[in-house]
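Worth saying up front: this structure is predicted, and the values here are computed from it rather than measured.
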Amino acid sequence: MVASFASSSCLSAATCIEEASARCRTVFPCRDYDLSATLTSGQAFRWNCRDAGWEGVIDARWVRLTSGADGIVAETASPGGDWAWLKGWLRVEENLAEILATFPDDQPMRAATTACRGLRLLRQDPWECLASFILSSTKQIVQIRQIVALLCERFGEPLDVPPGREPQYSFPTPERIATATEAGLRACKMGFRAPYLLAASRMIAGGELDLGALSAFSIADARARLMELPGVGRKVADCVLLFAYGFQEAFPVDVWVMKALRRLYFPRRRVAPKRLQRFTATYFGPYSGYAQQYLFHYMRVHRRADD
DNA sequence: AACCAGGACACAA
DNA sequence: TTGTGTCATGGT
């Protein structure tokens, strides 16, 4: 920032600061976008609420998001350029009402969409998403957040942040993690997931799997390629397909969604997991992944003692 | 203080 | 194909 001031041709310092500030701030007009629900719904793990806004890291940028009257206000620590990167990440141009209209018109979905109004899906970086979900197995979201934070601190690159903020780090590349040791990764509290992450990062750094190529694949082919990675089963693969690649019909079934499906659609009946998976592929429509996210968040927000 | 968490994997039957 | 034990770690 200081360097850019010095090299600019501004006539006055005040004008210069104003212009720099403008380049670090923008508004995305949109409605029905609940930042809080979206950023705490277990798809992204690097966001913290501060001063009535949400602060996190996207790619190599510190970002602060707040909900304004006109839409979402975004602030960055360095100029945001054309902002296409953030518009795409937030998926602000997606028509949520049209998506909700495709959901089955049943009591559970009505309850979930009413309770979680404004919940959105993001389009995240495939590697960060993949690595995060390799680390997610049988972990609570709060713990995943801690593991990811430690991983970024230890192996990421320091980023520009506004004055007074804690230091922030980029999500480490597969190449960087590939050079780590299993012990170094275990020090980030990821336990038995460390060898999975290490082996997966080495396969990607070594070119055995090109994550960028998967977006052109069919969902079945992309899923099959992801599942060749150690630590990646059906559930983790579906999370990456849905949260990073935008395959709207990917339907990750974790313990919460499994509980929701059994309770809401097959009460007091024993149903095989495979049959439930088949049910999800047909019942929830073309945006079933979105429906899944509503069920997941609804179950977690309204968790009951009765299990 | 047990129980569980956005699971995957090797192995058994 | 479906079921079971195992793998770390810490929140609730």
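Counting only residues at least two apart or in different chains, ring pair (Phe, Tyr, Trp, His ring centres under 6.0 Å) contacts with residues 269-289 of chain A comprise A/Phe251-A/Phe284, A/Tyr265-A/Phe279, A/Tyr265-A/Tyr283, A/Tyr265-A/Phe284, A/Phe266-A/Phe279, A/Phe279-A/Tyr283, A/Phe279-A/Phe284. Residue pairs meeting the side chain to side chain donor-acceptor pair (under 3.5 Å) criterion with at least one partner in residues 122-132 of chain A, sequence neighbours excluded, do not occur; the list is empty. For residues 128-157 of chain A, the pairs satisfying ring pair (Phe, Tyr, Trp, His ring centres under 6.0 Å) are A/Phe45-A/Phe133, A/Phe133-A/Phe243, with sequence neighbours left out.
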Full working for side-chain contact (heavy atoms from CB on, under 4.5 Å) between A/Phe217 and A/Arg225: CA-CA 10 Å; A/Phe217 285 30; A/Arg225 293 309 312 274; 3.8 Å; yes
So A/Trp47 and A/Trp89, ring pair (Phe, Tyr, Trp, His ring centres under 6.0 Å) or not? Walk me through it. CA-CA 14 Å; A/Trp47 293 84; A/Trp89 194 89; 5.4 Å; yes
Test salt bridge (charged side-chain N to carboxylate O under 4.0 Å, His left out) on A/Glu55 and A/Arg165; report intermediate values, then the result. CA-CA 10 Å; A/Glu55 299 182 1; A/Arg165 253 61 172 199; 2.6 Å; yes
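In the model, A/Thr280 has no side-chain atom that pairs as donor or acceptor with a side-chain atom of A/Gln292 under 3.5 Å. A/Thr114 and A/Arg117 are not linked by any side-chain donor-acceptor pair at a separation below 3.5 angstrom, with hydrogens and angles left out of the test.
Across B/dA1 and C/dA8, the matching P atoms stand 24 Å from one another, rounded to whole Å. Distance noted for atom P between B/dC9 and C/dG10: 23 Å (whole Å). Using atom P as the reference point in both B/dG6 and C/dT4, the two lie 23 Å apart (nearest Å).
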Could you go through nucleotides 10-12 of chain C and list every protein N or O atom that sits under 3.5 Å from one of its N or O atoms, giving the distance for each pair?
from, atom 1, to, atom 2, distance (Å)
C/dG10, OP1, A/Lys189, NZ, 3.4
C/dG10, O4', A/Gln143, NE2, 2.6
C/dG11, O4', A/Gln140, NE2, 2.8

Under 3.5 Å, which N/O atoms of the protein pair with N/O atoms of nucleotides 8-11 of chain B?
from, atom 1, to, atom 2, distance (Å)
B/dA8, OP1, A/Gly233, N, 2.8
B/dA8, OP1, A/Gly233, O, 3.4
B/dA8, OP1, A/Val236, N, 3.0
B/dC9, OP1, A/Gly231, N, 2.9

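Distance CG (A/Leu121) to P (B/dG6): 18 Å, rounded to an integer number of Å. The CZ-P distance, from A/Arg186 to C/dA8, rounds to 5 Å in whole Å. Here the C1' atom of nucleotide C/dT6 and the CZ atom of A/Arg193 are 12 Å apart, to the nearest Å. Rounded to whole angstrom, the span from the CD1 atom of A/Ile134 across to the P atom of B/dG7 amounts to 14 Å. Taking atom NZ on A/Lys274 and atom C1' on C/dT1, their separation rounds to 7 Å, with Å as the unit. Rounded to an integer number of Å, the gap from A/Arg275 CZ to C/dT2 P is 13 Å. One can place CD of A/Glu182 at 14 Å from P of C/dC7, the figure rounded to the nearest angstrom. In this structure, A/Arg270 atom CZ and C/dT2 atom C1' are separated by 11 Å, rounded to whole Å.
A/Lys87 forms no cation-pi arrangement with A/Trp83, by the criterion of a distance under 6.0 Å to the ring centre and an angle within 45° of the ring axis.
Using a 4.0 Å cutoff on non-hydrogen atoms, the parts of residues 290-298 of chain A near DNA chain B are A/Gln292, A/Gln293, A/Phe296, ordered by number.
Residue A/Phe45 is out of contact with every strand shown, counting any heavy-atom pair closer than 4.0 Å. Residue contacts for A/Ser41: at a heavy-atom cut-off of 4.0 Å it reaches a base atom on one of the strands shown. Nucleic acid contact for A/Thr138: base, since at least one base atom lies under 4.0 Å from a heavy atom of the residue.
Below 30°, between 30° and 60°, or above 60°: for A/Phe296 and A/Trp256 the angle between ring planes is above 60°, a perpendicular geometry.
Between the A/Arg120 side chain and the A/Asp32 main chain, a donor and an acceptor come within less than 3.5 Å of each other.
Under the 4.0 Å criterion applied to side-chain N and carboxylate O atoms, A/Arg234 and A/Asp238 are assigned as salt-bridge partners.
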